[in-house]
Protein chains: 2
Amino acid sequence: MLSGNAVIIHISPIIQQGLKNILLARNIGISDIMNAFPECSVLSEWKNMLLFVDTQYAEEFKKHGKIMKKNGNTVFGIGTTMSANQPDLYFDEILNIYDNADIILQKINDYGTGVSDYKSNNQLSAREIEILTKIALGLSNKLIADQLFLSIHTVITHRKNITAKLGIKSISGLTLYAALNNMVDSHS
Amino acid sequence: MLSGNAVIIHISPIIQQGLKNILLARNIGISDIMNAFPECSVLSEWKNMLLFVDTQYAEEFKKHGKIMKKNGNTVFGIGTTMSANQPDLYFDEILNIYDNADIILQKINDYGTGVSDYKSNNQLSAREIEILTKIALGLSNKLIADQLFLSIHTVITHRKNITAKLGIKSISGLTLYAALNNMVDSHS
DNA sequence: CGTACAATCCCAATAAGTAGGTATTTTCAG
DNA sequence: CTGAAAATACCTACTTATTGGGATTGTACG
């Protein structure tokens with residue numbers, strides 16, 4: 001299930017796509033990806049959205065900041081330097097492209113209260129990771145139980161705990177999460 | 001392991017994923033994504049590969065550059081500043097993250113003469129691909145039907161055809177297929 | 001010693017997907 | 001124009017997943 005709406009405003013196609021992948025891995029839906037600021041009429045329509053904006057757009061942002069922060073929107077700046085950028089008047093939080101995925105998602109979670117209940121994957125136990133990899137490989141609960149010599153109930157319980165910890169409900173979301181976190185070898 | 005002939009060596013997960021998406025869209029397979037330089041023994045095994053390396057790794061690169069350029073490999077530096085980085089002793093070409101996708105792919109094409117399409121041409125229809133992307137996003141048949149103004153039966157029928165054509169039964173398998181073929185896209 | 005948590009097991013109800021079909025309309029290349 | 005493929009819609013029976021409760025061990029930590 002998609003559990004949120006995000007807009008990416010960044011001129012770099014690499015960062016657009018990279019952020020897209022990371023957000024999609026968490027099943028955070030992306031409403032739009034744009035290279036520059038849209039018209040105010042568009043801005044004012046966003047409600048309860050996650051906005052990801054290049055920190056270098058600070059000047060443009062001054063003109064639109066108030067509108068963007070209206071209606072429950074959360075604005076994340078995307079920094080491209082190693083230097084520690086701090087949240088400021090314009091941005092609720094700064095995402096640095098050198099942050100690892102866990103940190104990025106944690107920052108999003110801190111502000112995206114309506115988005116999901118994210119917890120970093122280091123809170124997954126070894127057994128849960130083991131289960132998750134098998135889910136991502138398309139095995140049914142029954143097969144996982146057989147392979148690990150567990151009852152199917154145990155597998156289901158692990159699964160419930162995994163979805164609770166990650167905030168990812170769908171099989172495809174878990175699969176993407178596992179793939180993007182190198183938990184599963186993918187062969188095309 | 002992803003199959004293909006490109007390797008991404010970059011600490012930023014956003015850039016890793018973003019470049020991955022752009023390369024996959026170009027049918028360039030990705031063999032590996034890593035955060036730091038591997039052992040020389042690994043480096044020396046690469047042949048006719050496209051290597052994408054953070055320009056900030058220049059120091060490490062000095063030690064490994066010769067090996068990396070051996071065996072027909074092409075080395076692209078990934079720059080993160082607006083300043084115009086030029087190809088140099090270490091890098092055959094500099095990709096700037098602010099380059100648009102066309103320029104990035106043109107630069108790659110100029111050097112990636114040995115690149116071959118790794119992706120099998122899928123025999124899926126446009127509609128089936130549309131359905132598949134939504135499956136990979138974790139949408140239920142019901143939601144897919146609603147979004148595309150179809151009945152749930154039609155979605156199920158498409159789904160059956162997709163699984164028949166690809167020989168992939170599980171949701172996670174379809175998700176990985178969609179991800180590896182760059183079909184996973186933001187919902188609009 | 002008590003708390004937290006991982007790992008294990010169980011049940012029942014509901015939701016969702018799969019596996020067999022059949023069948024009409026639309027689109028498009030020959 | 002015609003046939004093939006695609007897209008659409010429907011059905012039943014069946015399997016699997018999800019949800020929301022329980023519960024019991026064992027172990028690590030202060």
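Labels below follow one simple rule: chain letters A, B, ... track the order of the sequence lines, proteins then strands, and each chain is numbered from 1.
With hydrophobic clusters built from ILVMFWY side chains whose heavy atoms lie under 4.5 angstrom apart, L174(A) does not share a cluster with I152(A).
Between K160(B) atom NZ and dA9(D) atom C1' there is a gap of 11 Å when expressed in whole angstrom units. For the pair I168(A) CD1 and dT18(D) P, the computed distance is 12 Å after rounding to whole Å. Atom NE2 of H153(A) and atom P of dC10(C) are 5 Å apart (whole Å). The separation between R127(A) atom CZ and dT27(D) atom P is 16 Å, rounded to whole Å. Rounded to a whole Å, the CD1 atom of I144(B) is 11 Å from the C1' atom of dG17(C). Atom CZ in R159(A) sits roughly 10 Å away from atom P in dT19(D) (whole-Å rounding). Atom P of nucleotide dC10(C) and atom NE2 of H158(A) are separated by 13 Å, given to the nearest angstrom. Nucleotide dA7(C) holds its C1' atom 15 Å from the CD1 atom of I129(A), rounded to whole Å.
Listed for the N73(A) side chain is a donor-acceptor partner under 3.5 Å among the backbone atoms of W46(A). Of the possible polar contacts, none joining the T175(A) side chain to the T175(B) backbone as a donor-acceptor pair under 3.5 Å is found. Using a distance-only test at 3.5 Å, with no hydrogens or angles considered, a donor-acceptor pair links the side chain of T55(B) to the main chain of I78(B). With hydrogens and angles ignored, the 3.5 Å screen pairs no side-chain donor or acceptor of E128(B) with any backbone N or O of R159(B).
Residue S151(B) places its side chain closer to dA9(D) than to any other of dA7(D), dC10(C), dA9(D). Of the candidate nucleotides dC9(C), dG21(D), dT18(C), dC9(C) has the atom lying nearest to any side-chain atom of L150(A). Considering only side-chain atoms of E128(A), the nucleotide from dT18(C), dA7(C), dT18(D) that sits closest is dA7(C).
Each of I156(A) and N161(A) has a nearest nucleotide on DNA chain C; the 5'-most of these lies closest to N161(A). Summary of the strand contacts: T157(A) and N141(A) both lie near DNA chain D, and taking for each the nucleotide with the nearest heavy atom, the more 5' one is attributed to N141(A).
Side-chain N/O atoms of T163(B) include none lying less than 4.0 angstrom from OP1 or OP2 on dT18(C). Distances shown here put every side-chain N or O of T154(B) at or beyond 4.0 Å from the OP1 or OP2 atom of dA7(D).
Within the nucleic acid shown, S140(A) comes within 4.0 Å of sugar-phosphate atoms alone, with no base atom in reach, counting heavy atoms only. Here K169(B) lies in heavy-atom contact (under 4.0 Å) with sugar-phosphate atoms only.
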